[in-house]
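The structure appears right after this line, and notes come after that.
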Amino acid sequence: MTIFNHILGFPRIGFQRELKIAQEMYWSKKISKIKLKKIGKKIRIKNLKTQQKMGLDFLSVGDFSWYDHVLSTTMMLGNIPKRFMTSNNKIDIDTLFYIARGVSDHNNSTNPSEMTKWFNTNYHYIVPEFSTDSVFNFSWKQLLKEIDEALLIGKNIKPVILGPMSYLWLGKTYEVNFNRFDLLDKILHVYKIIFSCLKKKGIQWVQIDEPILSLDLSPVWKKNFILSYNYLKCNINILLTTYFGNISHNLDIIKEIPIKGIHLDLVSGNYNLSELKTNFSQDIVLSLGIVNGKNIWKTDLLKYYFLIKKILKYRDNIWIGSSCSLMHVPVDINQEKKMKTELKVLFSFAVQKCYELYLLSNALNINKTDLLESWILPLLSYNNIIKNNKNNDIQDKILNLKTKDYKRKNSYKIRYKKQKNKLNLPILPITTIGSFPQTKDLRDLRSSFKEKLITKKEYKKKIFKIIKYNIIEQEKLNIDVLVHGEPERNDMVEYFGENLEGFLFTDYGWVQSYGSRCVKPPIIYSDISRVSPITLDWIKYAQSLTKKPVKGMLTGPVTILLWSFPREDISHKTIATQISLALKDEIYDLEKNGINIIQIDEPALREGLPLRDIDKKKYLDWAINSFKLTVSDVKDSTQIHTHMCYCEFNDIIQSISDLDADVITIETARSNMEILACFKNFKYPNSIGPGFYDIHSPNIPKEIDIIKLIKKSMKIIPIKKLWINPDCGLKTRTWIEVKYALKNLVSATLKIRSILS
Ligand code: GLN
Ligand code: ZN
C-alpha cells in the first residue's frame, strides 16, 4: 500500500519576510488593505506551489495567518471580545489586528488581548478570551476562501484547523466561578458547520490540531475530549494531530473517539517500536511525524526508512509528515548565499523538509534507499568529523566537573555581608536591567561595522561615546548600580553567538516569534568555547567612568541554548555546560578587572520546561546547574544578579530560588504586581527587584504610583532584600520616556528612603 506524505503547516512569513513588511506598511497606512491581501495571497500561492514542487501528496491550507493562528481561530469562531465589536457586528482583518495590537486614538485606548508562549516554543499566540456570555458563530470565512484558492493549484487539499479542545484550553477568562466547559457546546456547533462546508467543497481529510494531548490532562478534560469528538463525528475524515511530545498517557482518549487518523510527533515524542505497533488501531491512518519541525538539521532518513519498514510488517495505513508545523524553522536554505556549501548541505529548512518527506515516502514505495543515502551522507560524515575532532579541552573540563563546581563557596548570608561591605549601597538600591534606548543611528552604526564600512577602531570609539553618554545620564538620574547600556548588541543571544566559537549565522533564517516580529536564531554546529573576552572592554570602559558599581551583563547558558538551533548529536545538557564554561571564563575576566556585580540573564528558562510533569525535574536540574556552574567560582563579595521576564513563576519558584543568585530582577509591573502573591507563600531567600516600571508601555509611571507599588512590595519582601528597577531592558523605549520614567522611579525611592530613615 502507498505511503503518503504531508506537512502540518508551512511558514507563513514569506521567503523574504514579505508578510512582516506588508503588515507593518499596512499598520502605518503606507499600503491599502487590498494591497495587503494581495501580498498575503501571493505568499500562500507560493507556499502551495513549493509544497507541490517538492513532491507532497497533500497541500496544507489554513496554516497561513495574518498574525497568529490561534487568533485566526478566534476570528473563525466569531469569539470576538466585546470591546472590539462595532455597532454593525461586522468583523474583518482590522478586527483581527485590533485584537492583536489594541486600538488607540486621541480620546481612548482599548487593550489588546494578551499574548503568551505557544507550548514549549518561542512562538507567541494571542490568548482567546472567554466569558459566560461569549458567542460563537462561523463568521469569518477566510479558510473557505483559501481552500478555493488552493483548489486551483491542486486537488488534494488538507485544511488545517486548531481543534476545539486545545482552543478551549488555551483561552483565558476574567470571570470568577467560570466553567469553560459551559462554552463547549457552542464551540462544537461552529466546528460542525465548518466541517459541513468543507465537505461541500469536496474535502476528504481535515487536520485537526490538538497539541494539548501532549500535556497531563485531568479526568474532566479527558471526559469532555471524548464527548466532544463523538459529537463531532461526521462524514469528513479527521486526522487528529498531536505534537511537541508523547501522547501515550492519553491513549484512553484516542481509543474512545471516532477519528480516521492520528498524527504522532516521533521527534519529541520518543515512542518505541512496540508502542507504535500495538497502540493504534489498524483501521485508522497512523501519521508519523519524523521530519523535525523545530530544528534545522537534515533528517536521518535511513534510520526512519528502516523503522517504518519494521512497522509495515505489522500494519499499513501509514503516512509520514513533519513532527509539527514547519513554522518554527526558516523557509529555504538555498537563500543563504554566504554560507559555505559544505555547511549548507547539513541543513534542511522548510522547503528542504518537504523534499525529505518526498524522498522517504518515495523510497518506501519503491523499496530503494540510494537517494536517501546520498541525501544524508554529508550529515553522517560531518557527525564523524565532529566526533573525532572534539575540542579536548572542553571535553576534559566537562569530565572533570565535581559537585562543588555547581555551588558557590559560601551561603547567601555570608555573601550578603561581604557584598554589603564592599559595595556600600543604600537601602532599596536602584538599578536597570541592562539595555538603554537603541536609536536608529546606533543600529546604523552596528550595521556599517558589520558590512565593514567603518574600521574596528572607529566603531569602538563611537560605541564608547554612547557608553559614556549612558553612564553620565545614569549618574545624573542618581541610579545606584549602573549598566553600560548594551549598545554593541543587536540581540542578546546573537551577540554572544557571534563572539563564541561553535555558532553559525544565516542571512535569511527568520522564524516568526509573534505577529510581524521574526527572530533569526543562530545555529550551534560544533563545540562551544570562548576565544577571547567578549564584553570585557565595554564594561571595563564603563566602570572607568564612574565610582558607582557597573554591572557586567551576560546572557545565560539556557537562554543562549534555547534561542538557538542546537546540535543533535549531543544532549542539551552538554551544550549548556559548554556554554556555561565559556561564560565562566568571561566572568573570571570581569571579576579580575574590578567588576563587582555581574548579571546573567535567563529570560528563556521557563520556556524550556517540558510539557509533562514527570519530565520537568530532569530539565530543571540541568538548567539550574548550568547557571550555577557559570558563577560558582566568583568571590563571596561579587554580587550575582539574574533577570527573567515574561514568565509565570509560581510553578518553578523553587528552582528559581535554587539558582542562588544574590539578586533576581523580574517582570511584575505589567501584571500589577500579581506575581508578588507568589512570594507571599514562598519565602524567597535572596534579594529581589520586582520591577516597578512597565517598559512595554510608552506610558510614564507616576511617582505616586511607584510609591504605592514599592509600599506594596515592602509588605512582602524584607526591605533589606528589596531592589528598585524597571521590569525589563529599556532598548525599545525612547530616551525621553526613559529619562522621565527613571526620574520618577528614583524620586519615589528617595521619598520612601527618607520615610524609612
Ligand atoms: N539585559 C537585557 C536587556 O536589558 C535583558 C533582555 C531580556 O530580558 N529579554 O535588554
Ligand atoms: Zn526582561
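The first residue in the sequence is number 1, and the count goes up from there. Both ligands and their constituent atoms are indexed starting at 1 by order of listing.
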Response to the item:
For NE2 in H643 and SG in C645, the angle at the Zn ion (ligand 2) (nearest 10°) is 110°
Side-chain donor or acceptor of [X] paired with backbone N/O of [Y] under 3.5 Å:
X	Y	result
S747	K743	yes
E737	T734	yes
S632	K407	no

Numbered atoms and elements of ligand 1 in range of [X], under 4.0 angstrom, heavy atoms:
X	answer
G434	4 (O)
G729	3 (C), 4 (O), 10 (O)
C728	7 (C), 8 (O)
I433	1 (N), 4 (O)
C645	7 (C), 8 (O), 9 (N)

Worksheet item: Mind checking whether D601 has an N or O less than 3.5 Å away from an N or O of ligand 1?
Response: yes
Practice prompt. Using distance alone, decide if ligand 1 has a nitrogen or oxygen within less than 3.5 Å of any nitrogen or oxygen in S435.
Written response: yes
Which donor-acceptor pairs under 3.5 Å do side chains of residues 459-470 form with protein atoms, sequence neighbours excluded?
unit_1: K460; atom_1: NZ; unit_2: D537; atom_2: OD2; d: 2.6
unit_1: Y469; atom_1: OH; unit_2: K739; atom_2: NZ; d: 3.0
unit_1: N470; atom_1: ND2; unit_2: H484; atom_2: O; d: 3.0

Worksheet item: Looking at F119 versus H328, is the centre-to-centre ring distance below 6.0 Å?
Response: no
Response to the item:
To atom 6 (C) of ligand 1, the nearest of M492, K551, E602, Q599 on a heavy-atom basis is M492
Fill in: Side-chain H-bond candidate by donor/acceptor type, Q512 with R517, under 3.5 Å
no
Worksheet item: Taking the non-hydrogen atoms of H643, is any one of them nearer than 4.0 angstrom to ligand 1?
Response: yes
Worksheet item: Can you name the side-chain contact (heavy atoms from CB on, under 4.5 Å) partners of I716, sequence neighbours left out?
Response: L676, F679, K680
